[in-house]
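Reckoned from all heavy atoms, side chains included, excluding hydrogens, waters and symmetry mates.
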Amino acid sequence: MRPVILIWALVILCPALAQGAVPATMSYQGILADASGQPVPDDDYDLTFRIYTVAYGGTPLWEELNTISTVDGVFDAILGRATPLDLPFDQEYYLGITVAGEGEMGRVCLAASPYARRAAVADVGEDADWTIAGDDIHRLAGKVGIGTASPQTKLHLSDTGDLELLIAADSDNVDESDHALLTLSQDGGAVLARLGYNDVAGNYFTIMHEVSGDTVALMEFGRNGNITTDGDFAIGGGDANYDGAAEVLVLAGEADSWIVGAVNDPALENSDFFISTNISSDGTFHIANDGDIGIGTTAPEEKLDVRGTLQTTGLRVIGGPTAGHVLTCQDDVGTANWQPPGAFTLPYDGAVTSGSAAMTITNDGSGNAFHASRPDNNANVYLACASGGVVAYCNSGVAVEARHAANFRKAQLATEDYALYADGGALFENGDVTVPVLHITGGSDLSERFPVADGAGAPEPGMVVCIDPEHPGRLAVSRRAYDTCVAGVISGAGGVAPGMLMGQVGTLADGDNPVALSGRVYCRADAAAGPIAPGDLLTTSATPGHAMAARDRDRAQGAILGKAMTSLESGTGLVLVLVTLQ
């Protein structure tokens with residue numbers, strides 16, 4: 001026989017009267033009877049309870065299987081023990097019951113008990129710290145902790161993960177004058193600071209500071225990333241409390257502060273920009289509203305006005321007050337101004353007067369680029385660019401003279417007799433040179449340039465070379481002992497360079513290798529025929545490019561390279577040789 005529930009009762013358990021928590025369970029009581037209304041036999045029955053938001057159909061929000069025992073058909077069930085009742089119970093719910101093997105019986109609408117309605121207001125029991133007045137609730141003492149059992153402040157939010165505090169204004173998106181603001185109050189509300197959105201058009205994020213209702217500072221963060229502020233702005237703890245003479249940004253250091261700002265002038269369309277350690281300091285970088293830049297002055301008079309010494313490693317001037325003018329030095333104290341080309345004058349004593357020496361860089365109409373003169377006697381020296389190259393000349397006498405005043409030693413350039421003259425030495429126009437003494441400090445041998453064949457190995461510094469009988473004017477690396485064709489040693493070995501190098505380009509008297517014909521030079525030597533000692537005569541050996549001691553005087557005749565100045569006991573190595581061909 002199909003059982004049916006004839007009588008039912010529903011009770012939501014309420015909290016205890018003193019600081020209890022509303023349980024997540026509810027009690028249900030009913031009578032299980034058959035279709036004729038008779039109680040079912042006493043036994044255990046499986047009942048499935050489901051909660052819906054609709055009276056018919058739909059999907060259950062909660063479901064739980066309970067095994068109940070009946071006495072004369074009466075049973076009690078506690079719902080929520082197996083499956084917690086985590087529903088908000090903020091709307092009507094319907095309970096459906098199904099007996100195992102049967103269909104669901106008609107759903108009933110859940111009702112709340114009076115104590116449950118009290119729990120919907122606040123689960124505070126008889127805690128006297130909280131006062132409920134209509135829709136308001138407050139607490140005058142203690143701290144409130146959310147996520148913590150030990151609150152440290154009046155309101156303490158805590159979480160082991162991310163934590164977010166949401167203040168949602170204009171949630172219906174209807175009134176655009178509704179804004180989310182966080183207000184900080186002090187001095188009984190006379191001083192306020194507000195943080196939040198406060199602009200209808202752009203929803204700018206703002207920081208406001210108010211005193212007795214007057215806004216004294218406001219910073220706005222625009223949606224495009226711009227930051228604007230009414231008043232001055234300090235970074236690093238600097239004092240930005242200026243009186244409105246300038247809008248400034250203060251960058252504070254440990255010892256001093258730098259100020260970056262714009263000077264306010266109501267009479268000007270644009271304000272001046274400045275960087276300084278003091279708002280009125282002359283030691284400043286100042287850009288006027290007309291574009292003039294001042295360094296050391298707040299009132300620049302030119303595009304760049306520097307009040308002080310200017311030091312630079314280079315200066316390029318590409319224009320002047322008049323196109324084509326050049327910057328010229330006018331006196332010996334550094335005064336300069338712009339003048340037309342061809343008018344650069346450097347006075348000797350700071351002023352052009354009769355008898356003073358002067359230098360003029362000019363174009364005198366004949367193509368001269370440099371003109372030095374003495375106005376008193378019209379003695380002139382010219383440096384001109386001619387078709388054949390640069391020409392230095394004088395109209396009479398000596399073009400250039402350098403003189404040592406103490407002993408009257410002098411050097412003259414371009415006289416009537418010499419191209420260059422210096423105390424007995426002269427360079428003539430045909431290229432001849434006359435000198436009392438020629439002092440050479442770059443090397444110690446007299447060499448000539450020769451082409452050297454590499455048949456016995458590539459020619460290298462220190463190798464002994466001989467006359468090549470098959471190629472006139474050429475030399476070859478030596479290859480046999482006591483060679484009477486010995487010519488010298490390739491210079492440059494051992495760090496000793498040629499002192500004088502001769503040759504004539506484009507003739508047989510030219511080549512790639514400097515060969516020492518006289519003087520001191522390092523030579524490659526071989527001691528296989530016997531040790532070499534200072535003073536020994538040296539000749540060629542069978543080792544290509546190497547010298548040896550000349551022991552056979554008869555064979556050495558005409559084959560002597562020079563005399564050894566250092567020794568070589570065995571093997572091969574470098575020996576310093578005084579070249580004296582015999």
By side chain to side chain contact (heavy atoms under 4.5 Å, CB included), M502 pairs with (sequence neighbours left out) L446, E448, M500

From the list I560, D552, D554, side-chain contact (heavy atoms from CB on, under 4.5 Å) partner of Y482 resolves to D552

CE (M565) and CD1 (I532) are apart, to the nearest 0.5 Å, by 14.5 Å

Correct closest heavy-atom pair for A547 and C523 would be CB-SG, 3.8 Å

Q: Please check if the side chain of D292 supplies one atom and the backbone of A288 the other of a donor-acceptor pair under 3.5 Å.
A: no

Tightest non-hydrogen contact, residues V579 and A516, listed as CG1-O, 4.0 Å

Rounding to 0.5 Å, atoms NZ (K563) and CG (L578) come to a distance of 8.5 Å

CD1 of I295 to CG of L304, rounded to nearest 0.5 Å, is 5.5 Å

Scanning both residues in full, the closest heavy-atom pair of M463 with P459 reads SD-CA, 3.9 Å

Taken to the nearest 0.5 Å, the spacing of L568 CG from M548 CE works out to 13.5 Å

By salt bridge (Lys or Arg N to Asp or Glu O under 4.0 Å), D526 pairs with (sequence neighbours left out) none

When rounded to the nearest 0.5 Å, the distance separating OH of Y522 from CG of L576 is 5.0 Å

- Query: Does the side chain of R449 come within less than 4.5 Å of L501's, by heavy atoms?
  - Reply: yes

Test item: V452 and L475 side chains (from C-beta on) under 4.5 Å apart, heavy atoms: yes

side-chain hydrogen bond (donor to acceptor under 3.5 Å, both in side chains) filter on D536, not counting sequence neighbours, yields none

Pairwise side-chain contact, V577 with L538, heavy-atom cut-off 4.5 Å (strictly under) = yes

Here the gap from R479 atom CZ to C485 atom SG, rounded to the nearest 0.5 Å, amounts to 11.0 Å

Just so I know, are the side chains of V515 and S447 near enough to count as touching, which here means a heavy-atom distance under 4.5 Å? no

- Message: Pair E460, R524 - check side chain to side chain contact (heavy atoms under 4.5 Å, CB included), show working.
- Response: CA-CA 10 Å; E460 295 180 6; R524 300 189 183 195; 2.8 Å; yes

- Task: Examine distances only and state if a side-chain atom of T206 and a backbone atom of G196 form a donor-acceptor pair shorter than 3.5 Å.
- Result: yes

Of all heavy-atom pairs linking S567 and P534, the shortest is CB-CD, 3.9 Å

message = Assess the residue pair D483 and S478 against the criterion (side chain to side chain donor-acceptor pair (under 3.5 Å)); give the C-alpha distance rounded to whole Å, side-chain angles, the decisive distance to 0.1 Å, and a yes or no.
response = CA-CA 8 Å; D483 193 339; S478 64; over 6 Å; no

* Where the side chain of T539 meets the backbone of A550, is there a donor-acceptor pair that is under 3.5 Å apart? -> no

key: Check: V486 and V464 side chains under 4.5 Å, non-hydrogen atoms   = yes

Residue set satisfying side-chain hydrogen bond (donor to acceptor under 3.5 Å, both in side chains) with S541, at least two apart, ordered chain then number -> none

Closest non-hydrogen atoms of A487 and L517, given as atom of the first, atom of the second and distance, are O-CD2, 3.4 Å

List the atom pairs, donor and acceptor, that lie under 3.5 Å between side-chain atoms in residues 465-474 and the rest of the protein, sequence neighbours left out.
from	atom 1	to	atom 2	distance (Å)
D468	OD1	E470	N	3.2
D468	OD2	H471	ND1	2.9

- Indicate yes or no: at least one non-hydrogen side-chain atom of D510 is less than 4.5 angstrom from one of Q504. no

Sorted by chain and number, sequence neighbours left out, side chain to side chain contact (heavy atoms under 4.5 Å, CB included) with Q557 holds for none

Residues A493 and L574: closest non-hydrogen pair is CB-CD2, 4.4 Å

task = Would you indicate whether the side-chain heavy atoms of F285 and I293 approach each other to under 4.5 Å?
result = yes

Exercise for review: Decide if atom CG of D159 counts as having more than 12 heavy atoms of other residues, nucleotides or ligands within a radius under 6.0 Å.
Suggested key: yes

